[in-house]
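Working notes, structure below.
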Amino acid sequence: MPELPEVEAVCRRLREQVVGARIVEARVVRCGTPAIERLAPGRRIESVERRGKHILMGLSGGLALDIHLRMSGDLFVIAGGGPSPASARIWLALAGRKRRAIILDDPRALAVANVLSVAQVEALDKGLGPEPLSGDFTRERFSDAARRSRQPAKLFLMNQRRVAGIGNIYAAEVLFRARIGPRRPIGRLRPSRLAALYSAIVSVLRDAVQSTFIAYSGPGEFRDAETFPLAVYGRERQPCLVCGAKIRRIVQGGRSTYFCPGCQR
DNA sequence: AACACGACCTGGTAGC
DNA sequence: TGCTACCAGGTCGTGT
């Protein structure tokens, strides 16, 4: 479910709601280290940031809570001690009369959460490629990395060490917008095509962040409220919106890849 | 080094 | 209806 745009939407909502709040109790059923129960209570949430697909909640005392939603995770605030989903995995109760709590919900329980030191956050940061919507992500840097790789373009885009935050859906959509075949070895693309790919990464993600944030108003919303129009993902055998050719599905790295054989070369 | 594949989990759905 | 098989937006470890 969550790639960069969805994680960004989750972060923005959470930031509005919880920065400044104090955690009074933590319960971990699955998906997180038990250390969270010991280390989180008593700390104030100082920030909520996104790095790639990671959510980093800065806590007072120099720690950070690192949450990765993986395939089916979601993170949101409930109030009034109201019912939490059966698949809630982590509860962070917040101080105050409204009895609010941050919930990590994940039916598949694949999400992961850890308490990190400053040094560990730095290591996490170093292990990820540049943020595609930041100034760190330049055309030169992208082209240099791409030229040194023989990976199929799709797999390169999904590699978090190359660019942070792109997953299976947006890799497919980016390649469609750049009109590049997903199996093309990225290092053999002409400079003009690499430039087109770079531009497509930035524009697709920028558009998706915008529309996803508008659509995402609460728990589970982005699961159904997909307002970013997907041109190829999930559209096997349907006609291409540009040329009318039938969208194809292949498997790369064990994941489905959708593309238009007419538009993408 | 680069790739394929299984493991981690649960739930939804297409097809028989 | 009820079963089975496959599929799912991610990442890691292992093996070739």
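The chains referred to below are lettered A, B, ... by the order of the sequence lines, with proteins before strands, and numbering in each begins at 1.
- Side chain of A/Asn159 to main chain of A/Arg161: a donor-acceptor pair is present (N/O by atom type, distance under 3.5 Å, no hydrogens or angles).
- By the 6.0 Å contact criterion, CZ on A/Arg22 is enclosed, its count of non-hydrogen atoms from other residues, nucleotides or ligands being greater than 12.
- With sequence neighbours left out, A/Leu128 forms a side chain to side chain contact (heavy atoms under 4.5 Å, CB included) with A/Arg51, A/His54, A/Leu124, A/Gln160, A/Ala164.
- Between A/Arg255 and the phosphate of C/dG10, there is a side-chain N or O to OP1/OP2 separation shorter than 4.0 Å.
- OP1 and OP2 of C/dG9 both lie 4.0 Å or more from every side-chain N or O belonging to A/Tyr170.
- The CG atom of A/Leu128 sits 9 Å away from the P atom of C/dT11 (whole-angstrom rounding).
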DNA chain C in dot-bracket form (Watson-Crick or G-U pairs under 3.5 Å, [ ] crossing, | inter-strand) is .|||||||.|||||||

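- Between A/Ile55 atom CD1 and C/dG9 atom P there is a gap of 19 Å when expressed in whole angstrom units.
- Judged by the 6.0 Å and 45° rule, A/Arg162 forms no cation-pi pair with A/Phe142.
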| request: Any chance you could lay out the side chain to side chain donor-acceptor pair (under 3.5 Å) test for A/Tyr170 and A/Glu6, step after step, and finish with the verdict? | output: CA-CA 11 Å; A/Tyr170 293 106; A/Glu6 292 79 21; 2.9 Å; yes

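- Residue-level contact check: A/Ser256 touches the backbone only, with heavy atoms under 4.0 Å from sugar-phosphate atoms and none from bases.
- Side-chain contact check for A/Ile103 versus A/Val77: every heavy-atom pair is 4.5 Å or farther apart.
- Side-chain atoms of A/Gln264 come within 3.5 Å of backbone N or O of A/Cys260 as a donor-acceptor pair.
- Counting to the nearest Å, the P atom of C/dG10 and the CG atom of A/Asn159 are 13 Å from each other.
- Atom C1' of nucleotide C/dC12 and atom NE2 of A/His54 are separated by 12 Å, given to the nearest angstrom.
- One can place CZ of A/Arg50 at 15 Å from C1' of C/dG9, the figure rounded to the nearest angstrom.
- Between A/Lys53 and C/dG9 there is no side-chain N or O to OP1 or OP2 distance below 4.0 Å.
- To the nearest whole angstrom, the two C1' atoms, one in C/dG10 and one in B/dA1, are 23 Å apart.
- When the C1' atom is used for both C/dG2 and B/dC9, the distance is 23 Å, rounded to whole Å.
- Look at the C1' atom in both B/dC3 and C/dG9: the space between them is 23 Å, to the nearest Å.
- In this structure, CD on A/Glu49 lies 11.5 Å from CE on A/Met57, to the nearest 0.5 angstrom.
- We find that CZ of A/Phe156 is positioned 16 Å from P of B/dA1, with the value rounded to whole Å.
- Rounded to an integer number of Å, the gap from A/Met71 CE to C/dC12 P is 14 Å.
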In B/S/- notation (B base, S sugar-phosphate only, - none; protein heavy atoms under 4.0 Å), nucleotides 3-14 of chain B written 5' to 3' is SS---BBB----

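- Taking the P atom of each, B/dT10 and C/dT1 are spaced 26 Å apart, rounded to whole Å.
- At C/dG10, none of the side-chain N or O atoms of A/His68 fall inside 4.0 Å of OP1 or OP2 (strictly under the cut-off).
- Taking 4.0 Å as the cut-off between side-chain N and carboxylate O, A/Glu8 and A/Arg12 count as a salt-bridged pair.
- We find that OH of A/Tyr258 is positioned 7 Å from P of C/dG9, with the value rounded to whole Å.
- A/Arg43 places no side-chain N or O within 3.5 Å of a backbone atom of A/Gly62 that could act as its donor or acceptor partner.
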